[in-house]
Structures are given as structure tokens and as C-alpha cells.
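A single structure is presented below for examination.
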Amino acid sequence: QVQLVESGGGLVQAGGSLRLSCAASGRTFNNYAMGWFRQASGKEREFVAAISGSGISTSYADSVKGRFTISRGNAKNTVYLQMSSLNPEDTAVYYCAARYYTDYTIRAVDFNSWGQGTQVTVSS
């Protein structure tokens with residue numbers, strides 16, 4: 001399993017942007033599909049975005065489509081989530097996840113490793 005460490009969370013005003021990063025350990029990062037999930041207070045964890053091991057294929061939740069972009073730098077063992085046009089409904093703890101399979105998935109149960117999460121708070 002890979003070890004994942006998220007960074008980049010914080011407090012931002014509505015309409016603003018943030019970029020989350022997730023650094024992974026190991027030397028076969030491109031063998032892992034990656035995903036971002038989030039969990040708001042009192043709610044279940046939900047899918048945000050996913051990307052295949054090659055970075056060619058991506059998927060987004062409808063609630064973030066057109067506002068968030070997932071990408072990866074395999075040479076740096078890092079996956080990113082660029083978030084723009086943020087609104088208070090985006091406030092949550094954001095988790096990075098890895099799946100030892102190159103095809104992406106949107107199901108949390110398919111991911112093998114999880115980061116500790118990073119808080120994103122959007123003020124109105």
C-alpha cells in the first residue's frame with residue numbers, strides 16, 4: 001500500500017480557489033488510480049473526482065464538474081485537485097485515495113489506501 005499525505009487545505013472566501021495536493025510514497029505511482037473524496041460535518045463521505053494511472057481518464061461528481069480539475073504528476077508521485085468557484089457547500093474534509101489498479105473508479109470501497117484528510121472551509 002502507498003502512504004498518502006494531503007496538503008493545501010484552508011479557509012477561502014466564496015468564489016475563491018484552492019489547490020490540494022496529495023503526495024504518495026513508493027516507486028510505482030502510475031500503477032495506481034487516484035481519487036478525491038470529501039466528507040462534510042454530519043454527512044457521509046462522497047466522491048469528488050478520480051483519475052486513471054496514466055492520467056488520461058478522469059471522472060467528476062456532478063456537483064463539482066466544471067469547477068474542479070484533477071490531475072497528476074507521476075514523476076512527482078503527486079495528485080492534485082484544483083478547485084475554483086468555491087462555495088460554502090464545498091466545505092468539508094477532503095481525502096485522497098489510491099487504488100492499486102490503473103483504471104479509475106468512483107467507489108470508495110475500491111480504494112486501498114487513504115490519506116488523513118485536509119480541511120477546506122469556504123466562507124460566504
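Not measured: the values here are computed from a predicted model.
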Next item on the list: Could you pull out all residues at least two apart from K65 that satisfy salt bridge (Lys or Arg N to Asp or Glu O under 4.0 Å)?
Entry: D62

Check: What pairs with Y104 under ring pair (Phe, Tyr, Trp, His ring centres under 6.0 Å), at least two apart in sequence or on another chain?
Finding: none

Next item on the list: Check side chain to side chain contact (heavy atoms under 4.5 Å, CB included) between Q119 and all other residues, then give those that pass, not counting sequence neighbours.
Entry: T91, V93, T121

Margin query: Has T78 got a side-chain atom pairing as donor or acceptor with K76's backbone, closer than 3.5 angstrom?
Written below: yes

Note to self: Using 0.5 Å steps for rounding, measure from the CG atom of L11 to the OG atom of S123.
What the structure shows: 5.0 Å

Note to self: Please list all pairs meeting salt bridge (Lys or Arg N to Asp or Glu O under 4.0 Å) that have one or both residues in residues 48-57, counting only residues at least two apart or in different chains.
What the structure shows: none

Next item on the list: Provide the closest heavy-atom pair for S124 versus A14 in the form atom of the first, atom of the second, distance.
Entry: CA-CB, 4.3 Å

Notebook entry, point to check: Taking all non-hydrogen atoms of both residues, which atom of A33 and which atom of D103 are closest, and how far apart?
Noted result: CB-O, 3.4 Å

Notebook entry, point to check: Any disulfide bond (SG atoms under 2.5 Å apart) pairs touching residues 29-88, not counting sequence neighbours?
Noted result: none

Next item on the list: Return yes if some donor-acceptor pair links the side-chain N/O of S113 with the main-chain N/O of A98 below 3.5 Å, else return no.
Entry: no

Item checked: Residues forming a ring pair (Phe, Tyr, Trp, His ring centres under 6.0 Å) with F47, sequence neighbours excluded -> F37

Checklist line | N/O donor-acceptor pair under 3.5 Å between N74 side chain and T28 backbone | finding: no

Next item on the list: Tell me, please, which residues at least two apart from Q116 pass side-chain hydrogen bond (donor to acceptor under 3.5 Å, both in side chains).
Entry: E6

Check: If you group Ile, Leu, Val, Met, Phe, Trp and Tyr whenever their side-chain heavy atoms sit less than 4.5 Å apart, what else falls in with M83?
Finding: V2, L4, V12, L18, L20, F29, Y32, M34, W36, V48, I51, Y60, V64, F68, I70, V79, L81, L86, Y94, Y100, V120, V122

Next item on the list: Could you note down all residue pairs passing disulfide bond (SG atoms under 2.5 Å apart) where residues 79-120 supplies at least one of them, sequence neighbours left out?
Entry: C22-C96

Check: How would you list all residue pairs meeting side-chain hydrogen bond (donor to acceptor under 3.5 Å, both in side chains) that involve residues 12-24, not counting sequence neighbours?
Finding: none

Notebook entry, point to check: Does R72 have any salt bridge (Lys or Arg N to Asp or Glu O under 4.0 Å) partners at least two apart in sequence or in another chain, and if so, which?
Noted result: none

Next item on the list: With sequence neighbours left out, write down each residue that passes ring pair (Phe, Tyr, Trp, His ring centres under 6.0 Å) with Y101, or none if nothing qualifies.
Entry: none

Margin query: Could you measure the distance from the CZ atom of R67 to the OG atom of S85? Nearest 0.5 Å is fine.
Written below: 6.5 Å

Note to self: Can you tell me how far apart CZ (R38) and NZ (K43) are? Round to the nearest 0.5 Å.
What the structure shows: 8.5 Å

